[in-house]
Protein chains: 2
Amino acid sequence: MDNAKPESSPAGTGMGIAAVERDTGLGKDTLRVWERRYGFPQPGRDVFGERVYPAEQVEHLRLIKRLMDQGQRPGALLRQPMAALSEQCANASATVGADDAVDWVIPLLKHRDVDHLRAELAQRQARDGLERFVIETVPALNRRIGDGWMTGEIEIFEEHLYTELMQNQLRSSIHALGSRGARPQVLLTTVKEEEHLLGLLMVEALLAANGAWCLSLGAQTPIADIVGAAQGTTTDIVALSFSSAYPWRKARDSLVELRAALPARTELWAGGGALKGRGRQVPGVRAIDNLRAITPALADWKATRASLGEH
Amino acid sequence: MDNAKPESSPAGTGMGIAAVERDTGLGKDTLRVWERRYGFPQPGRDVFGERVYPAEQVEHLRLIKRLMDQGQRPGALLRQPMAALSEQCANASATVGADDAVDWVIPLLKHRDVDHLRAELAQRQARDGLERFVIETVPALNRRIGDGWMTGEIEIFEEHLYTELMQNQLRSSIHALGSRGARPQVLLTTVKEEEHLLGLLMVEALLAANGAWCLSLGAQTPIADIVGAAQGTTTDIVALSFSSAYPWRKARDSLVELRAALPARTELWAGGGALKGRGRQVPGVRAIDNLRAITPALADWKATRASLGEH
DNA sequence: ACCTCTTCTTTGTCCATGACAATTTTGTTG
DNA sequence: CAACAAAATTGTCATGGACAAAGAAGAGGT
């Protein structure tokens, strides 16, 4: 029954297709269809005619995956030789323009100096205050980490480690603020298939710092459930975050759908990279262009609320 | 480019094959071959001929998977009606025993009584101690939540809410323990496509409670990167967690690959639902059958370390 | 110029069927 | 009853065709 896989060739001679899927994150179907269409990868075959990928090609695939995650399309990448890809990978980061001020994070990560890193984060937040920390330092750090990953300067797990520590830092700050029962009451989430929890936490921290009561539903909440949650509570504002990787059209549709389903008294805010530079707004939705816009938006809400009955 | 999976209606109308694979842990190929050979499952087809599994059949499949994990063979299970399977499953779980003691969580969730719920969690942990809390209360709560979701008693976002609160609770406890620099130093993570962060946190809490120094890489770390991380640090133990939805075969292959790549002095531990009842172990890998096994395992490590040179 | 709507291209996933090695079960014989 | 051979079970891989959803390019309106 247990059908142990024929593969399990250690990286010595080559890997089976299942192993490559595990290692690269590219599906079996995708690997086969690339081979058919682009002629790469071109694995050898073992005695039974099953694909055997040389370590070199797996490395090449991993590089392609890395560039794809950064936004490139496969068609172009698969036609280039490996050398060109490595070069692209290096170039990409140079254009972004670096924040030298946060370079200290890299060596700390490389040395796995967790305690030191944690202390550094805590200290900077204490020094600058939560709001400035979230608006200036954290985005700079995120950018630096992203660049470092793209250039191969840091490994994926080091990025994970950073994310983990930063999340801890923000969570404990939010928890310490503990503005329970305050107004406005904000329902915070992202729609299905979004995963960038760190961004959500940053927003939550800013909201909490401005005295709002935040209820985070985490990621991947279906629209119907968002409506359900908003109706069940005395929610004043529903705030959605879309990462820049999220297709704009889909985001717009979701917002329209949500706006129609929510009661009129509930405000709907949308933010995140996907909204950036998108001047045109969806009717009835407040676009939050960047983190700095959160504080004024909250002030607006309070003013409006005050000018109304206030009852 | 990103071709996010088309997948997953909430279970209202039915699920695509990819969603079923994720939900049940049964591979796409397996699902198709069962249909061909045994006539079950028998999904409907959407407008374009793709399989659409009714929620009922997915439930049936989940049952079958559960019994297979206990050692039964598919051929027998697939010919039985659902009723017979439920009965078998009930017999098996009767030994485990249901927990009425945690029913209080449901109404608190239904009323979105976040503060009350948070306080309740904190109080119970304080009363029972972190170790007992993680070993007894948290799993009971998880089971209750899972059941509630299966029966439609609670919504998905309420499950998210619970997860969020519980994660906060555990994180702050771990942070408070702060056994920095202690030994053994444990590298904790899950492989690609695993997302059950809560389980990881539970393990981390137990390890920290027993004086280990835990470094959590979060979820979805590729194998190559796990090796890199372990080599870069003075890691004593690499611990992996596999949720029960994770296919046993893939887990085994990952472990073999990892064991071969890690230095001999680094221990490799594996735990989680996928390992449960799996008497057969991978050579050189310590299987952690359940949460209770963690404390003795740590004691073993310390004893071994002491009997050696201790240098 | 910017945004939106339409058309064309790219790309990942799905389908159907066939095949086969690893494992378990069954049958046979000393 | 042990041991070995034969048969049945079962998951994964291969091939080639197909198409919907995401992206890019082009047309037109304000």
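Chain letters run A, B, ... following the sequence lines, proteins first and then strands; every chain starts at 1. Quick caveat: nothing in here was measured; it's all calculated off a predicted structure.
C:dA16 atom C1' lies 16 Å from atom NZ of B:K28, rounded to whole Å. Between the CG atom of B:D46 and the C1' atom of D:dA18 there is a distance of 14 Å, rounded to whole Å. Rounded to a whole Å, the CZ atom of A:R36 is 8 Å from the P atom of D:dG17. Distance CZ (A:R22) to C1' (D:dC13): 15 Å, rounded to an integer number of Å. One can place CD1 of B:I17 at 13 Å from P of C:dT13, the figure rounded to the nearest angstrom. Rounded to whole Å, the distance from CG on B:L31 to P on D:dG11 is 10 Å. Rounded to an integer number of Å, the gap from A:W34 CH2 to C:dT10 P is 16 Å. A straight line from CZ of B:R45 to P of D:dA20 spans 15 Å, rounded to a whole angstrom.
Both B:F48 and A:D29 lie near DNA chain D, and the one whose nearest nucleotide falls closer to the 5' end is A:D29. Nearest-nucleotide positions on DNA chain C place A:R252 closer to the 5' end than the other of A:L78 and A:R252.
A:T190 and A:S241 make their closest contact through CG2-O, 3.4 Å (heavy atoms, listed as atom of the first residue, atom of the second, distance). Closest non-hydrogen pair, A:R45 versus A:V52, comes out as C-CG2, 4.2 Å.
Phosphate proximity of C:dC15 to B:R51: present, with a side-chain N or O under 4.0 Å from OP1 or OP2.
Counted within 6.0 Å of CD on A:E56, heavy atoms from surrounding residues, nucleotides or ligands total 12 or fewer; the atom is thus considered open.
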Before giving the answer on salt bridge (Lys or Arg N to Asp or Glu O under 4.0 Å), spell out for B:R51 and B:D46 the whole-Å C-alpha distance, their side-chain angles and the decisive distance to 0.1 Å. CA-CA 7 Å; B:R51 291 174 172 78; B:D46 67 5; over 6 Å; no
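In this structure, A:R37 reaches the bases: a heavy-atom distance under 4.0 Å links it to at least one base atom across the strands shown.
You won't find any donor-acceptor pair under 3.5 Å spanning the side chain of A:R32 and the base of C:dG12, going by distance alone.
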